[in-house]
Structures are given as structure tokens and as C-alpha cells.
Amino acid sequence: MRIFKSAKEDYEYIKRHKTISRLINAMIIVLSVGFMFLTVFTVLAKVVPAGSWINIVNGDSMKPTLHDRQITFSTDKEPDYGDIVVSYFPNEVIEKDPKRANITIIKRIVGLPGDVVEIQKDGTVMVNYAELDQSYLTAEAKAQTYQEGKNYYVHLGPNEYFIMGDNRGNSYDSRYFGPVNEGDLLYVQSESFTHLALVK
């Protein structure tokens with residue numbers, strides 16, 4: 001049993017024990033955060049493909065394939081038809097609206113460099129005069145592909161890509177601003193990980 005001799009000694013004793021208690025609590029918090037970080041890092045290291053980047057979808061232009069705030073992963077493989085890509089806006093768009101600089105968009109590759117892309121009124125997309133497989137689209141989205149007065153016939157240059165969102169009725173894409181340059185493309189979506197998780 002502790003017997004105190006003076007008020008000063010009481011004060012020093014209580015102060016010392018409060019300090020020790022605070023240090024212990026701080027150590028517990030630091031260890032807990034460290035453990036949580038290590039756990040998350042270990043899980044991500046096993047799940048995220050090597051050499052890939054984590055993206056969070058912003059908006060509904062890729063529904064139903066991708067959803068707003070969905071976590072996705074990208075790689076830097078060569079883009080091909082049907083690939084989902086992360087891209088910057090073309091310079092022409094940024095010149096008109098500087099706020100779009102450094103903003104990335106996520107769309108699907110429809111046309112590759114040198115292709116002739118034609119969008120017909122029924123929503124059929126022709127690439128080099130052959131119908132493009134759009135099995136990833138809903139019937140409603142296909143019907144909304146053709147936009148009167150927009151880019152429906154384009155001959156792509158040697159470094160140009162034609163990109164569109166899967167939610168054709170709600171996607172600001174190459175139909176509106178034209179092709180994107182190869183230098184605008186950042187990553188190609190890793191299809192096997194597109195539905196891994198959602199940010200709630």
C-alpha cells in the first residue's frame with residue numbers, strides 16, 4: 001500500500017503514472033496502426049498484379065462494366081480492341097477547358113491507329129468496314145451509341161485511338177472530342193481484376 005508523505009509527493013506520483021499510462025497508450029496505438037498497415041499491404045501484395053496501378057472509377061460512363069468508386073487495376077500492356085484504358089483528355093479539350101488538365105478518364109478502345117471508325121444510326125460500330133464485336137454493351141447502350149452531329153466517321157491517324165464509354169448515353173468520349181493520342185493513354189485495364197472491390 002502506497003503511503004503519501006506530502007501533497008507535492010502525491011502530485012509527482014500521479015503525474016509520473018499518468019505519463020507512463022499515456023506512453024503505453026501511444027505505443028498500443030502505434031503498434032495497432034502498424035499491424036493494420038502490414039495486414040493491408042500483405043493482402044494487396046497478393047491480390048494486385050505485379051507492375052500495375054490502382055485506380056478508382058469516378059462516374060457512371062462505364063456502367064454496367066465498371067461502377068462509380070469501384071477499385072480497379074491497370075497495366076501498361078499494348079492496347080487492343082475492347083481494352084479498357086485510362087487516358088488524359090486530348091489537348092483540344094484542355095485548351096477549351098483548362099480545368100480538365102491532369103484529369104483522367106476511363107473508357108474502352110474502339111479504334112486503333114490507322115483505323116476507319118464508323119458509327120451507324122442503329123448503334124453498330126464499323127471498324128475498317130467490318131462490324132465491331134460489342135457484346136459488352138447492353139441493348140440500351142448500343143441504341144444510344146449514335147449521337148446526331150457527333151463524330152460518326154473518323155479515319156484515325158498513326159498515333160490516334162478512338163475511345164468510348166460502355167454507358168453510351170452518359171459518356172463524354174471520342175464521339176464528342178475526337179480521338180486521343182497515344183501519349184494521352186496511361187494504362188490498360190487488367191480485365192481479370194475489374195470487379196475486385198468497391199469503395200463504399
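All values below were derived from every heavy atom in this structure, side-chain atoms included, with hydrogens, water molecules and symmetry-related copies excluded.
Looking only at distances, no side-chain donor or acceptor of S61 sits under 3.5 Å from a matching main-chain atom of S171.
The closest side-chain heavy-atom distance from Q120 to Y146 is not below 4.5 Å. By the 4.5 Å heavy-atom criterion applied to side chains, I84 and T65 are counted as neighbours. Taking 4.5 Å as the limit, every side-chain heavy atom of I119 sits out of range of all side-chain heavy atoms of V154. You'll find the side chain of L31 stays beyond 4.5 Å of the side chain of I28, heavy atoms only. In this structure, I106 and V85 have side chains that are not in contact, with every pair of non-hydrogen atoms separated by 4.5 Å or more. At least one side-chain heavy atom of I105 sits less than 4.5 Å from a side-chain heavy atom of I163. No side-chain heavy atom of E118 sits less than 4.5 Å from a side-chain heavy atom of V125.
We find that K63 and D166 are not joined by a salt bridge, their nearest charged nitrogen and carboxylate oxygen being 4.0 Å or further apart.
Within the model, atoms CG of D68 and CE of M62 stand 13.5 Å from one another, a figure rounded to the nearest 0.5 Å. Distance CZ/F162 to CZ/R175: 7.5 Å, rounded to 0.5 Å. Here the straight-line distance linking atom OG1 of T124 with atom CE of M126 works out to 7.5 Å at 0.5 Å rounding. With values rounded to the nearest 0.5 angstrom, M164 atom CE is found 11.0 Å from Y176 atom OH. Here the straight-line distance linking atom OG1 of T145 with atom CG of L132 works out to 10.0 Å at 0.5 Å rounding.
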Verify side-chain contact (heavy atoms from CB on, under 4.5 Å) between L112 and L156, making sure each step is shown before the conclusion.
-> CA-CA 7 Å; L112 299 175; L156 298 172; 5.8 Å; no
Step by step, work out the side-chain contact (heavy atoms from CB on, under 4.5 Å) result for Y81 and V127.
-> CA-CA 10 Å; Y81 298 108; V127 178; 3.9 Å; yes
Start with the C-alpha distance between S87 and K107, add both sets of side-chain angles, then the distance that settles side-chain hydrogen bond (donor to acceptor under 3.5 Å, both in side chains), and finish with yes or no.
-> CA-CA 8 Å; S87 173; K107 307 293 178 186; over 6 Å; no
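In terms of hydrophobic clustering, with Ile, Leu, Val, Met, Phe, Trp and Tyr side chains grouped at heavy-atom distances under 4.5 Å, V117 and Y129 are assigned to a common cluster.
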Identify each donor-acceptor pair in which a side-chain atom of residues 88-103 lies under 3.5 Å from a protein atom, sequence neighbours left out, and give them as a table.
{"residue": "D97", "atom": "OD1", "partner": "K99", "partner atom": "N", "Å": "3.4"}
{"residue": "D97", "atom": "OD2", "partner": "R100", "partner atom": "NE", "Å": "3.3"}

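Y136 carries R108 over the face of its six-membered ring, with the cationic atom under 6.0 Å from the centre and within 45° of the normal.
Of all non-hydrogen atoms in S174 and V180, the two that sit nearest each other are OG-N, 4.4 Å.
Looking at D115, D184, N181 one by one, the single match for side-chain contact (heavy atoms from CB on, under 4.5 Å) with E160 turns out to be N181.
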